[in-house]
Amino acid sequence: MGLTSLDKIIALQRSPANIRNLCILAHVDHGKTTLADCLVASNGIISSRLAGKLRYLDSREDEQIRGITMKSSAISLQYRHGDQDYLLNLIDSPGHVDFSSEVSTAVRLCDGAIVVVDAVEGVCPQTQAVLRQAWLENIRPCLVINKIDRLIVELKLTSQEAYTHLQKILEQVNAVTGSLFTSKVLEERAEKEKGEEEEEKESETLNGDQVYDWSAGLEKTDDSHLYFSPDQGNVVFASAIDGWGFSIQQFAHIYSQRMGIKADVLLKTLWGDFYLNAKAKKIMKGAQAKGKKQLFVQLVLDNIWSLYDAVVTRRDKEKVEKVVTSLGLKVMARDSRHSDPKVLLSAICSQWLPISHAVLSMACEKLPSPLDMSAERVEKLMSVGARQFDTLPEQTQELKKAFLQCSSKENAPAIIFVSKMFNVDTKALPQNRQRPLTQEEIAQRRELARQRHAERLTADQKAAESHEDLTQSGSAPQEAQPAGHSTAKMEIRTLKDSKPEEEEEHKETFIAFARVYSGVVKRGQRVFVLGPKYDPAQGLSMLPEGPSASQCVPEVPHLSCCSLESLYLLMGRELEDLEEVPAGNVLGIGGLEEYILKSATLSTSPACPPFTPLNFEATPIVRVAIEPKHPSEMPKLVRGMRLLNQADPCAEVLIQETGEHVLVTAGEVHLQRCLDDLRERFAKIEISASKPIIPFRETVVRPPKVDMVNEDLGKQQKVAIIHQVKEQASQGRSSDTLHVDPSGLVTLTTPNRLATVSVRAIPLPKEATDLLESSTELIRTLEQLNMSLREGKSLDVSLRTLEAIAGLKAQLECLLPGRKWRNAVEQIWSFGPRRYGPNILLNNVEGYQRPSLWQCLATVHKAGESGAQTTAIRDFDNSIVSGFQLATLSGPMCEEPLMGVCFSVERWDIQSSALSQHQDSLEEDSISNETSVDSNMERSTKISPPMEGMAAGLSQAKPRPEAASTDCYGPVSGQLIAAMKEACRHAFLVQPQRLMAAMYTCEIMATAEVLGRVYGVIGKREGRVLHEEMKEGTEMFIIKAILPVAESFGFADEIRKRTSGLASPQLVFSHWEVISSDPYWVPTTEEEYLHFGEKADSANQALKYMNAVRRRKGLYVEEKIVEHAEKQRTLSKNK
Ligand SMILES: Nc1nc2c(ncn2[C@@H]2O[C@H](COP(=O)(O)OP(=O)(O)OP(=O)(O)O)[C@@H](O)[C@H]2O)c(=O)[nH]1
Ligand SMILES: [Mg+2]
């Protein structure tokens, strides 16, 4: 880029009112990068002839090869609009679902977005997703309806039909916005109502006139500015590939001059049901009813249609010339002579209706500048997790002003957010880049080269001579021998020169993708790095007198200090060095890789809170184990995976218990990119990846009512089940500590016989499981609250969080109805695995009371309310929970996590000797205090005989000295954990078990001809079609289907191949689903024998999955390898 424009950009960075930070968002392949090309070409960075073909911002090789964008990248452009110069920091984002996390990183740094929609495909799943993301981040969108040329050339619509079609697309987009808006208003309304109710309760006075207000609040709220409408100026119609685009402002301007109609009248009527009455010289309403052409069709579309007709379809040279002269354009001869009519077309269109002009003008007019940031957005950015903005320290709340002012004054605190770390080749950094040479340098180099050439010539001559001598004397030539003094010197020099270069080649530098929200950032400045858990209140108390980041910092948790070594202007593939960057700009920062993993907040003020984490929509689900081809290269792989983890917002890297290095990615395409990155950039070694590791869940279901041939199961079958249970129980009774009763209650005693637990496994209703699965964040917060309550800390929770918890509780109560679940929600002991999973531990132990899981909801927390007799036994409470956590983390079928299982603990006995043993060990650790004496006393007063009535009582069956002899079993708490885990596993095993498979949803667009093949592929892969509909105005069908993740690998490829590239699906993780077949099923009734045969060896999908997992994990797989060993005969011998 030229120096002048860099200077200009630096100057523009200082006036935030003229800055627009915007990103381009869309579904995959709707033309974002092509549009970005056109905008980049307007700044002369690439040639306008190449715009749309180059895809300049797709700088990776695999992006170019695959034709999809895989990362978001930024470029700064300038544009003159009206009499002002603007700086546009443009970010292109990927549209493929696998990379949706990259979209989140882009959206966070912007104030506005350009949403691109393909005029043929219309609103697609990712279009909805990006609109939602823009909404969640409070950034304002504008719309570009792209690929309008396809309506003309491919679909061959008339201009009238195209108008109707475009109207429908606008309706679709607005419907998405509308639903987002409605849900927000309703939420606010609900909140307000709650506030009002409370107020009413306080005042207890009722307004006499108004009894009840049932308006939803939607009527009052003005939402017209949110919608896309051409007359609002926030819609551009375009064809990025042909280089044209327009908003109706442009045409209003043209026709107001040509026809003498006022521009603002045209603005209002160019889009809509208006027509031109030539006789009356009036614009009238009701074009459709009267069968007239709408103004938009007549004045806009018809012109474009006839141009395409003349240039592309009929190739009518004369007409083209006429049009060109009438529009006052100049077309170069080589363009008009070109054999491809598209060249001429884009030469004409890009002059007549340049797309960059339309889109950039819209961005300048309609998108907000950094100064317009709303207070709502600032508060959202600053409130982390459960904490509300009002509860933040005063100094922190003060910072809101800094955000809103976006000031670049010296005294303004610097606030920066880094949304991702990306890597560039160290050689591409501006300080290492080769500058263009000056004339003198060129001359010098030429001279040097000439000398070297001469030296080489003489050296070669000498070498040839000596070589001849040597061959003549019969000895082998010695290459290493220096041929001449001068060349040896030269070689040494070149060696020296190239060595550091080679080293550098291996280096990747990480650059932070960031934005300055306040203050000026200078090169070398020191700032605080605020971790996601940093608490400004704590920071402020430890750094009282507002110290600057330049001083040495005392140890504050989650806070560190770093200096910003280099600042860069992001110019797509290139970076430019900057000295300082004022507020409101997007920038790259070098030298932070030691401090930041993926994203972070930087500030000079310790009062600054960390920003809310990015909203990631994708769930990483595809796992593969990775190993180097040569085992000795393991350290390189480990290092490479660490770098990959830093460079990708979404990929996860972990080491499993088995020692495998596992990479978790969002999908197949993402996986491929990560592997390529590892091979070529980060590890630079040959690696091999395992087949994708497919996750499963294990669950129990209610006993089936019909058998496999749909016959009612009679009593006979029930007997069989009990029989089976007994059989299993007897198998498990290697020790006599296990007892299973016919109702499925499993009782297990610890090896030292001191403790006994009885557990029953019950399937949770599907809805309840789904609720738990979707509320993991909330449950985690609940668990944290309980933890701090247990530690006796004060609570700092927002009302909203408490409400959400109460809501969860109420919903659970609704979803667990009936006698069976009576009081169940109140008695939830824990969730699991990891304390927030979709399984429940229930406390059904009679007489055992413990603090409720929902204790944070109680307004007054009554400490020590639980019965005195349980205080001692409560010491072991944690062991039961831990046992449950372990059991739910890996189930007995194939050691996968459990899901949707409720373990109800119905009895729990501990012999008092165990307690005293436990107490003894505690006393050894700490000096015994009064409480322990107390509990000892209590214990002696509450003695109950074992296994009788009071299940949770304490029994003193054995005298104390015996306890010493049980020491060989280890601590009681540990034994109890193991016993609880085993009990859960056995309780699980006596219920009918099922595997659960992860499911993807996919939406496939296909034409009628290939529909059958698409169905074929879906069916073959065990998918289900949910619905199919015809896309209005096109011949495309949209098929929505769900597909097990296990069957999805290669699905997209297969669909693409079978439909000759016409359909390409995107897979998004949707939910977990029970696989209906029983992996342990064997025929039991006569009909089943008849139907499936004795061996029942028809494919059992669940068994296949289960065995595959077991085999991978090295577990025992029960399989017959040879069923009927018969001697094989060779046919030829038989003759
Ligand atoms: N007919 C037509 N094709 C277009 C137009 N704009 C883009 N394309 C084509 O659509 C394809 C996808 O374009 P891209 O710009 O790579 O799409 P994208 O939205 O950046 O795709 P991702 O980044 O992968 O999400 C390319 O083959 C383009 O040539 C257009 O206006 N008309
Ligand atoms: Mg792209």
Side-chain angles (χ1 to χ4, degrees), residues 23-41 46 50-60 62-75 90-103 106 113-127 129-130 133 143-157 162 166 169 236-246 304 308 312 340-342 345-346 349-350 353-356 358-359 572-573 618 666-667 669-670 672-673 1005 1034 1052 1061-1062 1064-1066:
C23 50
I24 311 184
L25 307 175
H27 187 76
V28 64
D29 259 1
H30 282 196
K32 295 175 288 298
T33 314
T34 311
L35 171 63
D37 253 12
C38 300
L39 305 185
V40 171
I46 60 173
L50 289 177
K53 298 177 188 76
L54 201 59
R55 290 190 290 119
Y56 179 72
L57 291 179
D58 283 355
S59 51
R60 296 170 53 104
D62 47 0
E63 286 179 324
Q64 287 287 343
I65 294 171
R66 276 184 180 254
I68 62 169
T69 308
M70 299 190 180
K71 51 152 193 11
S72 41
S73 47
I75 191 160
L90 180 78
I91 306 179
D92 180 32
S93 71
H96 195 285
V97 262
D98 280 14
F99 306 107
S100 69
S101 54
E102 290 278 345
V103 178
I114 290 182
V115 176
V116 180
V117 176
D118 183 325
V120 173
E121 296 190 354
V123 172
C124 289
Q126 276 314 97
T127 318
V130 295
Q133 267 183 331
L143 186 69
V144 171
I145 301 185
N146 189 29
K147 305 202 186 182
I148 295 195
D149 60 305
R150 288 182 70 189
L151 300 182
I152 312 173
V153 182
E154 272 177 43
L155 299 191
K156 303 206 168 20
L157 300 186
L166 292 174
I169 288 181
V236 160
F237 302 92
S239 162
I241 201 101
D242 293 336
W244 59 263
F246 62 87
I304 295 170
Y308 269 78
V312 184
D340 184 1
K342 282 269 188 174
L345 185 75
S346 63
C349 290
S350 55
L353 298 168
I355 185 171
S356 56
V359 174
R573 300 178 182 197
V669 185
H670 186 209
Q672 206 52 50
R673 204 216 61 202
M1005 242 192 271
T1034 66
L1062 287 176
S1064 61
Q1066 289 199 68

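Atoms within a ligand are numbered from 1 in the order they appear, just like the ligands themselves. Numbers for residues simply follow the sequence, beginning at 1. Every value quoted in this text rests on a predicted model; they were computed, and no experiment measured them.
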Close-contact set for ligand 1 against [X] heavy atoms, below 4.0 Å:
X: Ile68; result: 24 (O)
X: His30; result: 19 (O)
X: Ser239; result: 31 (O)

Atom pair [atom1] ([X]) and [atom2] ([Y]), whose distance is rounded to the nearest 0.5 Å:
X: Ser100; Y: Leu25; atom1: OG; atom2: CG; result: 11.5 Å
X: Leu143; Y: Phe237; atom1: CG; atom2: CZ; result: 8.0 Å
X: Ile241; Y: Lys147; atom1: CD1; atom2: NZ; result: 8.0 Å
X: Asp149; Y: Cys349; atom1: CG; atom2: SG; result: 9.5 Å
X: Lys32; Y: Ile24; atom1: NZ; atom2: CD1; result: 9.0 Å
X: Tyr308; Y: Ile152; atom1: OH; atom2: CD1; result: 5.0 Å

Taking 4.0 Å as the limit for heavy-atom contacts, which would you say applies to [X] with ligand 1: side chain only, backbone only, both, or neither?
X: Arg55; answer: side chain
X: Val28; answer: both
X: Thr69; answer: both
X: Lys32; answer: both

Self-check item: In the protein, N/O/S atoms that are found under 2.8 Å from the Mg ion (ligand 2), waters not counted
Solution: Thr33 OG1, Thr69 OG1
Exercise. Would you check if there is a donor-acceptor pair between the side chains of Thr69 and Asp58 at a distance under 3.5 Å?
Key: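 Yes, because at least one side-chain N or O of Asp58 sits under 3.5 Å from a partner of the opposite role on Thr69.
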Quiz item: Just checking, any donor-acceptor pair under 3.5 angstrom between side chains of Ser346 and Asp242?
Solution: no
Practice problem: Report yes or no: does Glu102 contribute a side-chain atom to a donor-acceptor pair with the main-chain N or O of Pro94 at less than 3.5 Å? | Solution: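 Between the backbone of Pro94 and the side chain of Glu102 there is no qualifying donor-acceptor contact (under 3.5 Å).
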Contact (N/O only, under 3.5 Å) between [X] and ligand 1:
X: Thr34; answer: yes
X: Ala238; answer: no
X: Pro94; answer: no
X: Arg150; answer: no
X: Gly52; answer: no
X: Asp242; answer: no

Quiz prompt | Minimal non-hydrogen separation, Arg66 against Val669, with atom names | solution = NH1-CG1, 3.7 Å
Practice problem: Measure across Gln64 and Leu54 and return the closest heavy-atom pair with its distance rounded to 0.1 Å. | Solution: NE2-O, 3.0 Å
Quiz item: Looking at atom 26 (C) of ligand 1, would you say a protein heavy atom lies below 4.0 Å from it?
Solution: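 Given the 4.0 Å limit, the answer for atom 26 (C) of ligand 1 is no, no protein heavy atom qualifies.
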Quiz item: Can a protein heavy atom be found under 4.0 Å away from atom 15 (O) of ligand 1?
Solution: yes
Could you tell me the residue and atom name of the protein heavy atom closest to [atom], and the distance to it rounded to 0.1 Å?
atom: atom 29 (O) of ligand 1; answer: Ile241 CD1, 3.0 Å
atom: atom 31 (O) of ligand 1; answer: Ala240 N, 2.9 Å
atom: atom 17 (O) of ligand 1; answer: Gly31 N, 3.2 Å
atom: atom 6 (N) of ligand 1; answer: Asn146 ND2, 3.4 Å
atom: atom 1 (N) of ligand 1; answer: Asp149 OD2, 2.9 Å
atom: atom 21 (O) of ligand 1; answer: Asp29 N, 3.1 Å
atom: atom 8 (N) of ligand 1; answer: Lys147 CE, 3.6 Å
atom: atom 20 (O) of ligand 1; answer: Thr33 OG1, 2.6 Å

Practice problem: Could you walk me through whether Arg60 and Asp62 pass salt bridge (charged side-chain N to carboxylate O under 4.0 Å, His left out), step by step? | Solution: CA-CA 5 Å; Arg60 296 170 53 104; Asp62 47 0; 2.9 Å; yes
Are [X] and [Y] packed together at the side-chain level, in the sense that at least one heavy-atom pair is separated by less than 4.5 angstrom?
X: Arg673; Y: Glu63; answer: no
X: Val236; Y: Ile145; answer: no
X: Arg150; Y: Leu155; answer: no
X: Asn146; Y: Leu35; answer: no

Exercise. Hey, can you tell me if Trp244 and Phe246 have their rings parallel, tilted or perpendicular (30° and 60° cut-offs)?
Key: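 The arrangement is parallel - the two ring planes meet at less than 30°.
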